[in-house]
Amino acid sequence: MSPLERVQNYVTQVYRRMRWLVLGHGVAVIAAVALGATLGLVVLTNWVGFSSKSLLAARVALGLVLAVAVWLGLAGPLRRLTRRRAVEFLERRVPALEERLL
């Protein structure tokens with residue numbers, strides 16, 4: 001394996017690790033938002049007596065909140081993560097590379 005192939009494999013490994021990190025953070029954000037929104041909406045729905053309108057409104061609100069959480073916590077960060085950003089991350093972490101990867 002040539003040195004160039006080894007560097008490319010290393011960058012690919014770093015990129016994969018960064019994707020898993022973003023996925024893990026995104027899932028954690030979505031779970032936390034889902035729990036918080038569910039608890040808050042249950043309290044509000046309980047306060048109005050679990051009427052059919054309040055249940056419908058709570059379901060719609062929970063769906064919208066979860067959609068926004070998925071976009072902001074998972075889809076957006078995954079779209080921004082590129083191999084170039086992984087290389088820039090490596091350059092910042094290892095100054096001895098002196099921007100040779102870019």
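Everything quoted here is computed from the prediction, not taken from an experiment. We use all heavy atoms of the structure for the numbers below, so side chains are in, but hydrogens, waters and symmetry mates are not.
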Testing the basics here: between [X] and [Y], what is the closest heavy-atom pair and its distance to 0.1 Å?
| X | Y | result |
| --- | --- | --- |
| A37 | L62 | CB-CD1, 3.8 Å |
| L74 | L23 | CD1-CD2, 3.8 Å |
| V33 | A69 | CG1-CB, 3.7 Å |

side-chain contact (heavy atoms from CB on, under 4.5 Å) partners for [X], two or more places apart:
| X | result |
| --- | --- |
| R79 | W71 |
| V70 | I30 |
| S2 | L4, E5 |
| V43 | none |

_side chain to side chain donor-acceptor pair (under 3.5 Å) contacts in which one or both residues fall within residues 25-46, not counting sequence neighbours_ = none
*asked:* Quick test of your reading: applying side chain to side chain donor-acceptor pair (under 3.5 Å), list the pairs with at least one residue in residues 81-90, sequence neighbours left out, ordered by first then second residue.
replied: T12-R83, R84-E88
*Kindly give the cluster partners of L55, where membership spreads through any ILVMFWY side chain lying under 4.5 Å from a current member.*
F50
_To the nearest 0.5 Å, what is the distance between CG on L56 and CZ on R59?_
7.5 Å
Membership question, hydrophobic clusters at under 4.5 Å side-chain separation (ILVMFWY): are [Y] and [X] in the same one?
| X | Y | result |
| --- | --- | --- |
| L41 | V65 | no |
| L21 | V29 | no |
| V94 | V87 | yes |
| L81 | W20 | yes |
| W47 | V60 | no |

*Considering only heavy atoms from C-beta outward, does the side chain of L64 approach that of V68 to under 4.5 Å?*
no
*Restricting to pairs with a member in residues 7-28, which pass salt bridge (Lys or Arg N to Asp or Glu O under 4.0 Å), not counting sequence neighbours?*
none
_For S51, give me all partners under side chain to side chain donor-acceptor pair (under 3.5 Å), at least two apart in sequence or on another chain._
S54
